[in-house]
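The structure under discussion appears below in the form of structure tokens.
Chain letters run A, B, ... following the sequence lines, proteins first, then strands; residues in each count from 1. Quick note: numbers below take in every heavy atom, side chains included, and nothing from hydrogens, waters or symmetry partners.
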2 protein chains.
Amino acid sequence: MSTTEIDNLDREILRLLQKDALLTNKEISFTTRKSIATIHERIRRLKEQGYIERSVAILNRKKINRNLIAFSQVLLNDHTSTTLAKFEEDVVKFPEVMECFQMTGTFDFILRIATSDMDAYHHFYRHKLATLANITSIQSFFVLSETKSDTAYPI
Amino acid sequence: MSTTEIDNLDREILRLLQKDALLTNKEISFTTRKSIATIHERIRRLKEQGYIERSVAILNRKKINRNLIAFSQVLLNDHTSTTLAKFEEDVVKFPEVMECFQMTGTFDFILRIATSDMDAYHHFYRHKLATLANITSIQSFFVLSETKSDTAYPI
DNA sequence: ACTGAAAGATAGTAGGC
DNA sequence: GCCTACTATCTTTCAGT
């Protein structure tokens, strides 16, 4: 981690690019009232220093048949680093697993699972997730509706 | 929802752009062995038909001081549509709330909260979230480590 | 649907303030 | 750190298959 700090111009650029990664330098230079070359150099630095990790297209999941989102809370029966690491190694390989976080509290991991429907989730649960070693329990919760889903941090 | 289906070329383009939204048409045309104009037209259609919702820059949250991610499970004390809608309306306004889903099961909503640290979460909890109307309980779980966090659906 | 090529716009670089 | 000006590269359009 470098000691470099970002200023208000950097923050404004990050704010804009979090909303739309395809903005041209020209558009950003117009909004921020700086020259195109300045914007170009700032964005280069923000990437180089790791503030911007990557730019991605966000798809409409219903159009590509991911109608069901589940959160699955997993509890393991032992917490040696070997067991934890093995679970993580195996679970991230499943294409249904969009996210996996190790958590504090009454369970060990929370997974975000995307499937086409309940049948597909059931199949994932029975034939993939529940087959992994050292699982004590899995509790599943399903998304009824998406009120807010944002990738942009307020800056 | 239109009746239009996508073919293998569309799927390959979506796969590529989910990983890197800044790929040039030229690069995609090289990978897919199609002409630049073909790629250009395909991407235009994928956006127009709503497969691609938007393109965004993904930031390194630790560089911008969002070190703590919490999942907060919220239970309300009544489930009239008015109460549900009011909660949703209010909760999405908090900048700490990255995501809000209404859920099946033993609680009503799950929130993903991003703050700088536990003090900031505590402040959010006490002075923002817990002040909303009709809340019965809030249970908070904190991310210890991020094993996988992907925005790209396998296609 | 796809292609190649032209025209217009943008990214990226260099030199100066 | 920011600017103008220049060149390389890319996007976008279109006539042709």
### Query
At their closest point, which heavy atom of A:K26 faces which heavy atom of A:S29, and how far apart are they?
O-OG, 3.0 Å

### Message
Can you list everything that forms a side-chain contact (heavy atoms from CB on, under 4.5 Å) with B:D78? Sequence neighbours excluded, please.
### Response
B:T80, B:T83, B:N134

### Message
According to side-chain contact (heavy atoms from CB on, under 4.5 Å), who are the partners of A:L144, at least two apart in sequence or on a separate chain?
### Response
B:Q102, B:T104

Could you write out each protein N or O paired with an N or O of nucleotides 15-17 of chain C at a distance under 3.5 Å?
none

### Partners passing ring pair (Phe, Tyr, Trp, His ring centres under 6.0 Å) against A:Y153 (at least two apart in sequence or in another chain)
none

### All pairs passing salt bridge (charged side-chain N to carboxylate O under 4.0 Å, His left out) where residues 111-125 of chain B contributes a residue, at least two apart
A:E99-B:R112, B:E99-B:R112

### Query
For the pair made of CZ in B:R45 and C1' in C:dA1, what is the distance, rounded to whole Å?
10 Å

### Message
Please list, in numerical order, the residues of residues 30-44 of chain A that have a heavy atom closer than 4.0 Å to any atom of DNA chain D.
### Response
A:K34, A:S35, A:A37, A:T38, A:R42

### Side-chain heavy-atom pair B:D108, B:T136 within 4.5 angstrom cut-off
no

### Task
Quantify the bending of the helix from C:dA1-D:dT17 to C:dC17-D:dG1 as the angle between its end axes, each fitted on five pairs, to 10°.
30°

### Query
Which ILVMFWY residues can you reach from A:V92 by hopping between side chains whose heavy atoms are under 4.5 Å apart?
A:L68, A:V74, A:L76, A:L84, A:F87, A:V91, A:F94, A:V97, A:F109, A:L111, A:I113, A:M118, A:Y121, A:F124, A:Y125, A:L129, A:L132, A:I135, A:I138, A:F142

### Query
Between A:R66 and A:S116, is there a donor-acceptor pair closer than 3.5 Å when you use the side chain of the first and the backbone of the second?
no

### Query
Mind checking what makes ring pair (Phe, Tyr, Trp, His ring centres under 6.0 Å) contact with A:H79, not counting sequence neighbours?
none

### Task
Give, ordered by number, those residues of residues 16-27 of chain B having at least one heavy-atom distance below 4.0 Å to an atom of DNA chain D; if nothing qualifies, reply none.
B:T24, B:N25, B:K26

### Set of residues satisfying side-chain contact (heavy atoms from CB on, under 4.5 Å) with respect to A:S137, sequence neighbours excluded
A:L75

### Message
Using every non-hydrogen atom in the two residues, find where B:I69 and B:R61 come nearest and quote the distance to one decimal.
### Response
CG1-CZ, 3.5 Å

### Message
I'd like to check the side-chain contact (heavy atoms from CB on, under 4.5 Å) partners of B:N25; sequence neighbours left out, ordered by chain and number.
### Response
B:I36, B:I39, B:H40, B:I43

